[in-house]
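Before any comments, here is the structure.
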Protein chains: 2
Amino acid sequence: MPSDRTRTAILAAAERLYADRGFGDVTLRDIVAAADVNLAAVNYHFGSKDELIAELFVTRSLALNRERLSELRAAEEVRGGRAPIEAVLRALVGPTLRGCLGPDNQRSTAARFMIRVSIESVPPIRRIRNREIDHLRKFVAAMARSLPGCSDVELYWGLHFALAMAQQTVRDSERLTKLSDGKCDVDDVDDIIERVVSVAVMALAGAWC
Amino acid sequence: MPSDRTRTAILAAAERLYADRGFGDVTLRDIVAAADVNLAAVNYHFGSKDELIAELFVTRSLALNRERLSELRAAEEVRGGRAPIEAVLRALVGPTLRGCLGPDNQRSTAARFMIRVSIESVPPIRRIRNREIDHLRKFVAAMARSLPGCSDVELYWGLHFALAMAQQTVRDSERLTKLSDGKCDVDDVDDIIERVVSVAVMALAGAWC
DNA sequence: GTCTATAACCCGATAGAC
DNA sequence: GTCTATCGGGTTATAGAC
């Protein structure tokens, strides 16, 4: 069990380096130097570089999904299983936006790692991403409970567009800041969440649910 | 001038290979083998691998921007410089969506290359991307002509969200197809353009322009 | 302008001693 | 579990014949 020290040190160093410099620019040798462990330890504990990256992503991804579902459950408990559509969408995009936006200096390593993931999309992560569909289905179901008259197709598009707006804001907040000369405040997380949610609601309502 | 044959062959082979297999999985040796030229020819004609990638992207990027602006100009000419906001947004997202969606088999190599760019975002391309802001400013200006009463901040957010929806649909059409069990038809390009445009218009109008 | 050949240096992965 | 040493193969880049 004390052997976990090496394993943990590798995970921490790798996440920090990937968050800071991106996947393309960090080698295993960089990681083992930062973690102060031997090069061969990475392959011993994780099998390969790709599996190390995959483990980092799975950990953060599960935590994000838990947070989303706990927000959803909290929202649905208030009025017996039928939350307003705004609350459902807020549970979907809120955790990501709260974690990945806001002042740089108070952003966690985990958050900066997930931003990097959404920008670079490296192969081992792309493979895992395909499994998150089951998680999204739970939100489609919750949206259907909120809007019983809405067709499935419109719900899918609404969820797709909500995630698109949230993701792109995380991925490219710099471009929006530059384009708007700072007039769009990407540090005002609550404002952004409400913007994304309200546009998504309009998309669903405008489709005549 | 006949020396351009080698140069052209390298560009064509590189674009096809990157489109098919992604940036991470294609080496210079793969490219020169496919182009049937010598390894040293890449450095002779382009200076480096990154500059080859950059040239591919700049070419396609300029073509896309030209197409957008020509659509915008056509829309504004109809009624003397004041196109409906729908037409402006259609000129912004239409060229990308028309090129990158629709049946796989009739997608050009150039389009598949640009899809790959939007998924993988490799360093030499990220550097160039930052220059496209001037291009987007022209669309902000056109949107302001369409909606004279709308505040700049709302225009920026509207453009940002419109691009977000278009980009995410291109990047992740597979997830939407799987999530919806094929009920969202990502091959119906005109439908998707109208969906993106109408949601973006609602976002702008809903902000009480 | 094109090619062969090769230099000098990265990378990830792994065999085998400890 | 940890280390050393190394393998195979990728990269840019260049010298020099043609």
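To find a chain, count down the sequence lines: A is the first, B the second, and so on, and within it residues start at 1.
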For residues 87-103 of chain B, dump all side-chain donor-acceptor pairs below 3.5 Å to protein atoms at least two apart in sequence or in another chain.
unit_1   : atom_1 : unit_2    : atom_2 : d
Arg90(B) : NE     : Glu194(B) : OE2    : 2.9
Arg90(B) : NH2    : Glu194(B) : OE1    : 3.4
Arg98(B) : NH2    : Glu71(B)  : OE2    : 2.4

Looking at residues at least two apart in the chain, or sitting in another chain, which of them share a salt bridge (Lys or Arg N to Asp or Glu O under 4.0 Å) with Arg68(A)? none
Salt bridge (Lys or Arg N to Asp or Glu O under 4.0 Å) partners for Asp181(B), two or more places apart: none
Spell out protein contact along nucleotides 11-18 of chain D as letters: B when the base is contacted, S when just the sugar-phosphate is, - when no protein heavy atom is under 4.0 Å; keep the 5' to 3' order. BSBB----
Rounded to whole Å, how long is the line connecting atom [atom1] of [X] with atom [atom2] of [N]?
X        : N       : atom1 : atom2 : answer
Leu52(A) : dA13(C) : CG    : C1'   : 14 Å
Phe46(A) : dG12(C) : CZ    : P     : 15 Å
Asp25(B) : dG10(D) : CG    : P     : 11 Å

How bent is the helix from dG1(C)-dC18(D) to dC18(C)-dG1(D), measuring the angle between the end axes built from five pairs each, rounded to 10°? 10°
Looking at Arg126(A) and Glu120(A), is any side-chain nitrogen of the basic one under 4.0 Å from a carboxylate oxygen of the acidic one? no
Would you call Arg137(A) and Glu132(A) a salt bridge, using N to O less than 4.0 angstrom? no
Below 4.0 angstrom from OP1 or OP2 of dG1(D), is there any side-chain N or O of Asn38(A)? no
Donor-acceptor side-chain pairing of Thr6(B) and His45(B) below 3.5 angstrom: no
Across all chains, not counting sequence neighbours, the side-chain hydrogen bond (donor to acceptor under 3.5 Å, both in side chains) partners of Arg73(A) are none
Is any side-chain heavy atom of Leu69(B) closer than 4.5 Å to one of His135(B)? yes
